[in-house]
*Asks:* 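Dropping a structure here in structure tokens format, bear with me for questions.
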Amino acid sequence: MHGFANPRRFLSLAKTLTPILLAVGLLASVGAVVWGLFVTPPDRLMGETVRIIFIHVPTAWLGMAGWMTIAGSSLAFIVWRHPLAALAARAAAIPGLVFTALCLITGSIWGRPTWGTWWVWDGRLTSMLVLFFLYLAYIALSQAVDREGASARLPAIFGLVGAVNVPIINRSVVWWNSLHQPPSITTGGSSIDGAFLWPMMVALLGFTCLFAATMLMNMRALLAQAQAEARLRRRAMEAEPA
């Protein structure tokens, strides 16, 4: 792991992986959406509205996975001082925020015909909204720390503390009486019909690849910015009179 944390080696690996992940992500995502919209049959109970599952469920999973990426990277930075760990956490925040927003938007669109309302203060919906605001707070804190030159441990600690919300999202439909349906996929299997499950899993693969590609591009941009600032500081020091 420390070998891959070398900036030069990371940049070489990221340059190779990024276009591959983008290509696979776009093909899988577009293919899954087309499959879900035009090939799968309507659901017996929800009819045509079930088709939003191919976007809503993968974005929900990646919204949570994005924060767990922040938490894991933050832990690596605090414990092992991994050189790129803090950058990895910051790079995961933007795509995580986008997928969380898409989850909330598609959930509201799905909820209108299913529940008769755009929004309810349900345990799952509320905890997902909390995750959205946690992303905003983390991004603002990271930018402030970078601007003021404060310790990067502050956003790392926030990333670890915020991870408490992820199991709350996951178990909210079990812990509280909820309008949201219970988990359809558990360790014991899936209650989703294969006609819907397979395109949904392909969409998850595609969105995951897009998430990873975006994160790598963000890390490359952040690393380039850090290197440029280091060169400017070095030149400024060299230009100072003795």
Side-chain angles (χ1 to χ4, degrees), residues 21-22 25-26 28-29 32-33 36 51-75 88-112 114 118-142 155-156 158-176 178-186 190 192 196-197 199-219:
L21 289 169
L22 276 175
L26 288 172
S29 300
V33 171
R51 300 186 190 281
I52 205 168
I53 193 177
F54 307 115
I55 297 177
H56 177 68
V57 174
T59 55
W61 285 348
L62 284 169
M64 292 185 286
W67 195 273
M68 294 311 296
T69 302
I70 291 175
S73 300
S74 298
L75 181 64
R90 288 183 60 187
I94 295 294
L97 174 69
V98 171
F99 279 115
T100 301
L102 286 173
C103 169
L104 291 169
I105 293 169
T106 54
S108 294
I109 295 172
W110 198 2
R112 183 66 180 88
T114 305
W118 295 99
W119 181 266
V120 291
W121 292 103
D122 173 269
R124 171 64 62 83
L125 276 68
T126 303
S127 53
M128 201 71 191
L129 181 62
V130 169
L131 180 63
F132 177 79
F133 287 122
L134 284 172
Y135 272 117
L136 291 178
Y138 178 85
I139 293 169
L141 179 60
S142 297
F158 184 83
L160 287 173
V161 173
V164 173
N165 189 51
V166 175
I168 294 175
I169 296 172
N170 181 259
R171 302 303 295 171
S172 57
V173 292
V174 176
W175 292 341
W176 299 297
S178 175
L179 273 177
H180 197 285
Q181 67 187 54
S184 300
I185 300 177
T186 63
S190 170
I192 303 176
F196 303 102
L197 179 62
M200 187 181 74
M201 297 306 291
V202 173
L204 176 61
L205 171 65
F207 289 177
T208 300
C209 288
L210 291 177
F211 182 102
T214 305
M215 181 175 168
L216 287 177
M217 288 188 289
N218 287 343
M219 288 184 70

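From a predicted model like this one, the values you see are computed outputs, not experimental measurements.
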*Asks:* Taking all non-hydrogen atoms of both residues into account, name the closest pair between Pro58 and Met200 and its distance.
*Replies:* CG-O, 3.9 Å
*Asks:* Identify the heavy atoms of Val120 and Leu125 that sit nearest to each other, and give their distance.
*Replies:* O-CD2, 3.6 Å
*Asks:* May I ask you to test the Asn170-Val166 pair for a side-chain heavy-atom distance under 4.5 Å?
*Replies:* no
*Asks:* How close do Met68 and Ala163 get, heavy atom to heavy atom, and via which atoms?
*Replies:* SD-CB, 4.4 Å
*Asks:* Test side chain to side chain contact (heavy atoms under 4.5 Å, CB included) on Thr100 and Phe133; report intermediate values, then the result.
*Replies:* CA-CA 10 Å; Thr100 301; Phe133 287 122; over 6 Å; no
*Asks:* Applying ring-ring contact (aromatic ring centres under 6.0 Å, His included), can you list everything that pairs with Trp118, at least two apart in sequence or on another chain?
*Replies:* none
*Asks:* About how many Å separate CG of Asp122 and CG of Leu129, when rounded to the nearest 0.5 Å?
*Replies:* 12.0 Å
*Asks:* Indicate the atoms forming the closest heavy-atom contact of Gly25 with Ser29, along with that distance.
*Replies:* O-OG, 2.7 Å
*Asks:* Quick one: pull up CG in Leu62 and CG in Leu204 and give me the separation to the nearest 0.5 Å.
*Replies:* 6.0 Å
*Asks:* Please check this pair: side chain of Thr126 against backbone of Gly123, looking for a donor-acceptor N/O pair closer than 3.5 Å.
*Replies:* no
*Asks:* Set out, in order, the CA-CA distance, both residues' side-chain angles and the distance that settles side chain to side chain contact (heavy atoms under 4.5 Å, CB included) for Leu210 and Leu21, then state yes or no.
*Replies:* CA-CA 6 Å; Leu210 291 177; Leu21 289 169; over 6 Å; no
*Asks:* What are the two closest non-hydrogen atoms of Ala137 and Phe158, and how far apart are they?
*Replies:* CB-CZ, 3.7 Å
*Asks:* Measuring from Cys103:SG to Phe132:CZ, what's the distance to the nearest 0.5 Å?
*Replies:* 11.5 Å
*Asks:* Run the ring-ring contact (aromatic ring centres under 6.0 Å, His included) test against Tyr138 and tell me which residues pass, sequence neighbours left out.
*Replies:* Trp67
*Asks:* How many angstroms lie between atom OG1 of Thr208 and atom CZ of Phe99, to the nearest 0.5 angstrom?
*Replies:* 7.5 Å
*Asks:* I need the minimum non-hydrogen distance between Ser74 and Ala156, along with the two atoms involved.
*Replies:* CB-O, 3.3 Å
*Asks:* Mind checking the CZ-OG1 spacing from Phe211 to Thr59? Nearest 0.5 Å is all I need.
*Replies:* 12.5 Å
*Asks:* Ile169: what forms a side chain to side chain contact (heavy atoms under 4.5 Å, CB included) with it, not counting sequence neighbours?
*Replies:* Met64, Arg124, Ser127, Met128, Leu131, Asn165
*Asks:* What distance do Trp119 atom CH2 and Arg112 atom CZ have between them, rounded to the nearest 0.5 Å?
*Replies:* 15.5 Å
